[in-house]
Amino acid sequence: MPERPYPSTSITQHTLWTALTGDIPPLVLPPTPIPHAALDSRDVRAGDLFIALAGSRTDGHAYIEDALRQGAQAVIAEPRGREAGQKGGVVIDCTRARWALQAQLPDSYRPGTPIVYIVDDSVEALQKVGSFQRVHRTNATLKVVGVTGSVGKTSTKELTAHVLRQRYVTHASPGNLNSEQGLPLALMGLNTTHEYAVLEMGMYGLGEIDRLCVLARPQIGIVTNVGPVHLSRLGTMERIAQAKSELVRALPSAEEGGVAILNWDDERVRAMAEVTRARVIRYGLTPEADLWVDDIESMGMEGIRFRVHHRLWNEQKVESLHVKAPLLGRHSVHTALCAAAVGLLAGLSWGEIIAGFQSVAGQLRLVVVRGIHGSTVIDDTYNASPASTIAALNLLADIQPAEGGRRIAVLGDMLELGSYETEGHKIVGRRAADVVDILLTVGQLGASIGEEARSSGLAPSNVHILATHQEAAALLRRLVRSGDLVLVKGSRAVGMDSIVAEIIAEANGASTQGERASDG
């Protein structure tokens with residue numbers, strides 16, 4: 001299952017009081033630092049903030065008493081959490097019905113007693129706290145970089161932060177905190193020492209990125225691409241593009257320092273240049289761009305080489321240099337270009353930018369581990385879309401297995417593709433037929449990948465269409481042998497991460513390369 005968010009924060013009890021009550025903290029309330037924010041009571045440690053949210057399977061309000069017993073010094077909850085809060089802490093009513101009345105601590109209050117803030121809406125309250133920290137508890141010169149796109153958000157965010165850290169104190173969204181709940185948690189980590197913040201912005205519908213921009217107030221926006229992720233929710237690619245364009249529409253004007261960094265290889269992203277007031281920086285694989293690459297060479301697990309060209313801003317001159325970076329897959333050049341564009345804007349030299357590339361150990365999105373029977377497992381199980389799955393297959397094609405080894409792909413359902421569902425799975429099946437020696441598919445949608453691979457020439461005996469991740473893990477245990485490369489790609493919603501756990505369980509001391517992230 002995905003890791004639960006448990007980010008560090010720079011907020012204090014004073015931050016919560018002021019953001020949620022709208023008033024000055026009472027003298028008796030100390031500005032006690034809050035080390036972490038937790039959405040799951042099982043993660044709460046002494047001094048933490050627990051936010052009670054209603055999820056799809058459970059309601060955090062049922063666990064307020066647990067959080068208080070485990071040492072939470074503050075809780076945000078809706079009115080139904082009042083009774084539980086009264087059992088272990090002091091309740092402060094911050095609902096609209098009480099807004100006109102000054103919030104007060106009881107005379108019996110003693111510093112260190114947990115405070116339970118009762119609010120009308122826990123998500124809205126969470127956003128108030130994150131926004132308060134962003135607006136009132138940061139350096140006035142803080143530069144915020146917002147990153148959105150259908151694929152590549154997290155890798156771009158991480159690499160950009162690595163580049164900026166070569167010179168600046170930089171904060172980045174932990175993990176993939178990019179939603180209406182996640183971004184405010186990321187904002188809580190900001191403080192007055194930060195000079196840059198790189199924040200990921202995701203969406204499920206129209207208006208969500210616009211709301212995230214109100215909270216984060218980015219001056220620089222990166223759009224990586226527009227693809228059929230969440231097509232089932234938004235209906236058309238045009239609506240997905242519209243949702244992603246909310247980032248560049250929200251940027252300040254060019255005169256006010258706003259900059260939109262756009263993928264010039266994606267026609268829908270390219271069109272966003274017409275709807276932003278910000279200065280536009282174009283990147284891609286075409287000399288029409290301001291920053292572009294050619295001569296791309298994949299070195300498999302050793303990374304990539306390419307030649308980068310930079311059209312000097314306000315000049316006609318173009319500078320070019322050869323770069324080697326420890327990023328996996330040819331598609332990673334777009335990630336590198338985004339990070340380089342921000343670095344150049346920040347005044348970094350190419351030496352500093354390349355040092356930032358080198359500081360990333362391995363691929364950002366993938367995790368590579370030793371597998372059972374002497375195999376190597378490429379774990380790409382956070383999520384899946386046709387574009388990211390084909391990119392993973394392209395990487396598999398670039399890597400030469402050890403002598404006697406085979407290329408094996410385990411591919412699962414790709415969700416929320418809407419009208420693109422059938423074609424998206426077929427495209428992946430056709431590419432798999434060109435790359436792999438053995439293909440396993442998982443799930444009802446995954447079956448169409450296998451069927452298309454067979455139709456495209458992959459031997460039927462080497463295609464295994466399976467219903468569950470348990471079947472796939474059991475078959476791999478029998479099939480895998482020394483030297484094999486095993487790519488596991490697909491959504492955790494269909495248990496693809498469980499397959500990885502099964503086939504690395506016997507590889508004692510396995511180490512990872514890179515950092516897990518949330519690209520589709």
Side-chain angles (χ1 to χ4, degrees), residues 1-9 11 16 20 34-89 91-95 114-130 173-188 200 202-205 208 211-212 230 232-233 381-383 412-413 415-416 443 468-470 490-498 501 516 518:
M1 297 303 294
E3 295 180 6
R4 300 187 295 264
Y6 183 63
S8 299
T9 88
I11 66 171
L16 290 171
L20 298 176
I34 293 174
H36 298 92
L39 304 183
D40 192 306
S41 63
R42 292 170 292 182
D43 297 325
V44 172
R45 302 293 181 268
D48 287 348
L49 165 67
F50 174 62
I51 304 105
L53 300 175
S56 58
R57 289 179 294 182
T58 188
D59 187 343
H61 291 81
Y63 303 95
I64 290 173
E65 291 182 58
D66 291 343
L68 291 169
R69 277 194 295 268
Q70 289 170 208
Q73 71 163 297
V75 174
I76 293 174
E78 294 172 10
R80 61 184 178 281
R82 187 187 305 272
E83 183 178 346
Q86 290 170 336
K87 293 179 180 178
V91 170
I92 299 297
D93 194 331
C94 306
T95 59
I115 297 180
V116 180
Y117 296 92
I118 300 298
V119 299
D120 291 294
D121 184 296
S122 292
V123 174
E124 182 181 296
L126 174 59
Q127 293 176 354
K128 284 182 179 179
V129 176
S173 307
N176 64 308
L177 294 180
N178 62 22
S179 67
E180 63 177 0
Q181 299 173 7
L183 182 70
L185 292 173
L187 294 175
M188 288 184 193
E200 185 176 336
M203 63 87 198
Y204 285 99
E208 291 185 31
R211 175 60 177 164
L212 298 182
H230 308 311
S232 63
R233 293 174 185 265
T381 55
Y382 187 86
N383 210 335
D413 291 355
L415 306 178
E416 297 190 9
T468 67
H469 64 83
Q470 293 93 337
S491 172
R492 291 185 174 191
V494 291
M496 302 302 288
D497 56 319
S498 299
R516 185 176 305 283
S518 73

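Numbering starts at 1 and runs along the sequence shown.
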field: Inter-residue atom distance Asp40.CG - Asp66.CG, 0.5 Å rounding
entry: 10.0 Å

task: Take Thr58 and Tyr63 through the side-chain contact (heavy atoms from CB on, under 4.5 Å) test and state the conclusion after the steps.
output: CA-CA 10 Å; Thr58 188; Tyr63 303 95; 3.3 Å; yes

- prompt: Hey, does the side chain of Glu200 reach the backbone of Asn176 with a donor-acceptor pair shorter than 3.5 angstrom?
  reply: no

query: From Gln181 CD over to Leu126 CG, what is the distance, rounded to the nearest 0.5 angstrom?
result: 7.0 Å

field: Interatomic spacing from CD in Glu65 to CD in Gln86 - rounded to 0.5 Å
entry: 11.0 Å

task: List the atom of Asp413, the atom of Val494, and the distance in Å for their closest heavy-atom pair.
output: OD2-CG1, 3.8 Å

query: Any side-chain heavy atom of Leu20 sitting closer than 4.5 Å to one from Ile92?
result: no

- prompt: So, does His61 use its side chain to make a donor-acceptor pair with the main chain of Glu78 at under 3.5 Å?
  reply: yes

message: If we ignore hydrogens and angles and just use 3.5 Å, is the side chain of Thr9 paired with the main-chain N or O of Ala37 as donor and acceptor?
response: no

- prompt: How far apart are the closest heavy atoms of Asp59 and Arg80, and which atoms are they?
  reply: OD2-NE, 2.9 Å

message: Val129 vs Ile11, test: side-chain contact (heavy atoms from CB on, under 4.5 Å). Steps then yes/no.
response: CA-CA 9 Å; Val129 176; Ile11 66 171; 4.2 Å; yes

statement: Separation between CZ (Arg82) and CG (Asp93), nearest 0.5 Å, reads 4.5 Å

- prompt: Can you name the closest pair of heavy atoms from Ile76 and Ala125 and give their distance?
  reply: CG2-CB, 3.8 Å

- prompt: Under a 4.5 Å cut-off applied to non-hydrogen side-chain atoms, are Glu124 and Val119 in contact?
  reply: no

- request: Ignoring hydrogens and angles, tell me if any N or O in the side chain of Gln127 forms a donor-acceptor pair with the backbone of Glu180 under 3.5 Å.
  value: yes

task: Might you work through the side-chain contact (heavy atoms from CB on, under 4.5 Å) test for Leu185 and Leu39, ending with a clear yes or no?
output: CA-CA 10 Å; Leu185 292 173; Leu39 304 183; 4.0 Å; yes

message: Testing the basics here: between Gly81 and Ile118, what is the closest heavy-atom pair and its distance to 0.1 Å?
response: C-CD1, 4.1 Å

task: Might you point out which heavy atoms bring Asp48 and Tyr6 nearest each other, and give the distance in Å?
output: OD2-OH, 2.6 Å

message: I'd like to know if the side chain of Gln70 reaches the main chain of Ser41, judged simply by a donor and an acceptor atom lying under 3.5 Å from each other, with no hydrogens or angles considered.
response: yes

message: To the closest 0.5 Å, what do you measure between CG (Leu212) and OG (Ser179)?
response: 7.5 Å

- prompt: Tell me, do Leu49 and Met188 make a side-chain contact under 4.5 Å, heavy atoms counted?
  reply: yes

Pro35 versus Gly47, closest heavy-atom pair with distance: CD-O, 3.2 Å

